[in-house]
Amino acid sequence: MTASINDVAQAAGVSASTVSRALRGRQGVSDEVRDRIAAVAAQLGYTASRSASSLASGRTCTIGVLVPYVGRWFFGTVLDAAEKVFSAAGYDVLLYNLGSPETRRRFFTRLPVRKRVDAVLSLLIPDDEESAALRSLGVPLATTVGGARPGFTVVGIDDRAGTESAVRHLVNLGHRRIGMISGSSGPLHWTTPIERRNAYLDVLADAGIEHDAALEADGDYTVDGGERAMTELLAASRPPTAVFAQSDEMAMGALRALRRHRLKVPDDVSVVGFDDHELADVVGLTTVAQPVAEQGAEAARLLLRRLDEPGTEPAGHVRMPIRLVLRETTAPPRPRGPH
């Protein structure tokens, strides 16, 4: 038999109205209770009645989600967490994978989501014209990437602070030849590579370390790209003794390249990543941990809250916590760098 809202309420030890508020992202429910209710609902296979919600509200009970790379870990993790929140509240997800300039241009020219969705979660950063097009839909908008922008609820992290903690850690260990593997060829309008590069340069300048362009390489935010970038850095006339990778996937590629060059980590080269990927602990990677799934879930809850409370202003820029996680891939440099 299909579980009912009363079944979830009884199993979670709360009222049916509390279950409804929790699954729709409404206020008045603590995070602890909300998480317990979501877990019980998932265990019982409960979802709110889509047809009943649609008839009562006149809505489509569908959320549009725009992604640049649905197959990449960060976007897939955000999407999975958001979809669980939407599904538990009785909403379907209409996914648009806009990974190429052509599909992106076609989407924003036609705006196929118009009158088909109640809200939009964008995991890509729209330019001014694209932002205006999305605002013209007249539905709540949210994102988990980039900085604050009019009309959007932004759930994200402080990229500069995270990068500063990673690079400063390497400086404090005594490193002066600090390379960076970036993602400059990432999604259109993605500001993350720029913010993280600027923070990297600022920390070097504060430490009195002269920037060397030969210690930067593009890793395309992939494992293979990280391996190529690390190989490029090792070919420099004076290779780095430490490397900051703007994502854990690129850091893992860097570790693979170092292993193939028979260099030891961290004895020969220290490596720091960013994200705290689910495999980061497995490979002992020092990294900046960010709550990726929680960002997707929180963005989804805030969208549902705006749907339940029409007329309210977007939440603005919601900053999620980050922290530097020290593992086995960083150590003070040897008196002589890698050969």
Side-chain angles (χ1 to χ4, degrees), residues 62-79 82 93-163 182-201 216 218-222 225 246-247 250 274-275 290 292 295-296 298-300 302-303 306 313-320:
T62 302
I63 307 294
V65 179
L66 317 180
V67 296
Y69 297 117
V70 70
R72 293 193 179 179
W73 174 79
F74 176 88
F75 299 106
T77 302
V78 171
L79 174 61
V93 167
L94 187 58
L95 179 65
Y96 291 89
N97 189 14
L98 309 180
S100 71
E102 294 76 17
T103 56
R104 183 169 180 153
R105 183 165 46 251
R106 185 165 59 248
F107 173 87
F108 282 102
T109 298
R110 299 177 180 177
L111 276 185
V113 291
R114 191 179 297 278
K115 296 184 179 180
R116 297 181 66 187
V117 300
D118 298 324
V120 172
L121 173 60
S122 176
L123 305 188
L124 52 82
I125 298 179
D127 61 22
D128 291 342
E129 290 187 5
E130 293 169 344
S131 294
L134 291 177
R135 287 194 295 270
S136 75
L137 297 173
V139 300
L141 307 170
T143 184
T144 61
V145 291
R149 65 184 59 84
F152 284 77
T153 293
V154 181
V155 179
I157 62 168
D158 189 333
D159 284 299
R160 288 188 62 89
T163 298
S182 65
S184 59
S185 63
L188 286 173
H189 315 303
W190 200 10
T191 59
T192 296
I194 300 172
E195 291 291 326
R196 295 182 185 177
R197 181 176 187 270
N198 288 340
Y200 160 78
L201 295 175
E216 288 190 57
D218 179 13
D220 195 32
Y221 276 88
T222 65
Q246 289 189 6
S247 77
M250 292 191 293
F274 201 120
D275 288 333
Q290 64 165 318
V292 179
Q295 290 175 65
E298 180 65 9
L302 290 173
L303 278 179
R306 288 196 64 203
E313 290 296 318
H317 199 173
V318 178
R319 284 270 173 87
M320 303 294 279

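We number each residue from 1, following the sequence as shown. Given the structure is predicted, the values throughout are model-derived calculations rather than measurements.
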Which distance, rounded to the nearest 0.5 Å, do you find between the [atom1] of [X] and the [atom2] of [Y]?
| X | Y | atom1 | atom2 | result |
| --- | --- | --- | --- | --- |
| Glu130 | Leu111 | CD | CG | 10.0 Å |
| Arg319 | Asp158 | CZ | CG | 4.0 Å |
| Asp118 | Leu303 | CG | CG | 10.5 Å |

Could you tell me if the side chain of [Y] sits less than 4.5 Å from the side chain of [X], heavy atoms only?
| X | Y | answer |
| --- | --- | --- |
| Leu95 | Val67 | yes |
| Arg160 | Asn198 | yes |
| Thr222 | Arg72 | yes |
| Leu123 | Tyr69 | no |
| Leu124 | Val145 | no |
| Pro126 | Phe152 | yes |
| Gln290 | Asp275 | yes |
| Phe274 | Met250 | no |

Determine the minimum heavy-atom distance between [X] and [Y], stating which atoms define it.
| X | Y | result |
| --- | --- | --- |
| Leu121 | Ala82 | CD2-CB, 3.7 Å |
| Tyr221 | Ser247 | CD2-CB, 3.6 Å |
| Val117 | Leu94 | CG1-CD2, 4.1 Å |
| Ala299 | Thr144 | CB-CG2, 3.9 Å |
| Val154 | Gly146 | CG1-O, 3.4 Å |

With a 3.5 Å distance limit and no angle check, can you tell me whether [X] reaches the backbone of [Y] through a side-chain donor-acceptor pair?
| X | Y | answer |
| --- | --- | --- |
| Arg196 | Gly183 | no |
| Asp127 | Glu129 | yes |
| Thr163 | Tyr200 | no |

Checking side chain to side chain contact (heavy atoms under 4.5 Å, CB included) for the pair Thr153/Glu298: CA distance, chi angles, key distance, verdict?
CA-CA 10 Å; Thr153 293; Glu298 180 65 9; over 6 Å; no
Could you check Leu137, Val65, Thr143, Ile63 and say which one makes a side chain to side chain contact (heavy atoms under 4.5 Å, CB included) with Val120?
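Of the listed residues Leu137, Val65, Thr143, Ile63, the side chain to side chain contact (heavy atoms under 4.5 Å, CB included) partner of Val120 is Leu137.
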Under the side chain to side chain contact (heavy atoms under 4.5 Å, CB included) criterion, do Gln295 and Ile157 qualify, and how do the steps go?
CA-CA 9 Å; Gln295 290 175 65; Ile157 62 168; 3.8 Å; yes
Check against side chain to side chain contact (heavy atoms under 4.5 Å, CB included), Phe107 and Val113:
CA-CA 9 Å; Phe107 173 87; Val113 291; 3.9 Å; yes
By ring pair (Phe, Tyr, Trp, His ring centres under 6.0 Å), which residues pair with Phe108, not counting sequence neighbours?
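Scan of Phe108 (ring pair (Phe, Tyr, Trp, His ring centres under 6.0 Å), adjacent residues dropped) gives none.
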List in chain and number order the residues that pass side chain to side chain contact (heavy atoms under 4.5 Å, CB included) with Glu102, two or more places apart in sequence or in another chain; answer none if no residue qualifies.
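So Glu102 forms a side chain to side chain contact (heavy atoms under 4.5 Å, CB included) with Ser100, Arg105.
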Please report the C-alpha distance between Arg116 and Thr62 in whole Å, then the side-chain angles of each, then the deciding distance to 0.1 Å, and finally whether the side chain to side chain contact (heavy atoms under 4.5 Å, CB included) criterion is met.
CA-CA 7 Å; Arg116 297 181 66 187; Thr62 302; over 6 Å; no
Could you tell me which residues satisfy side-chain hydrogen bond (donor to acceptor under 3.5 Å, both in side chains) with Arg149, sequence neighbours excluded, listed by chain and number?
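Residues passing side-chain hydrogen bond (donor to acceptor under 3.5 Å, both in side chains) with Arg149: none at all.
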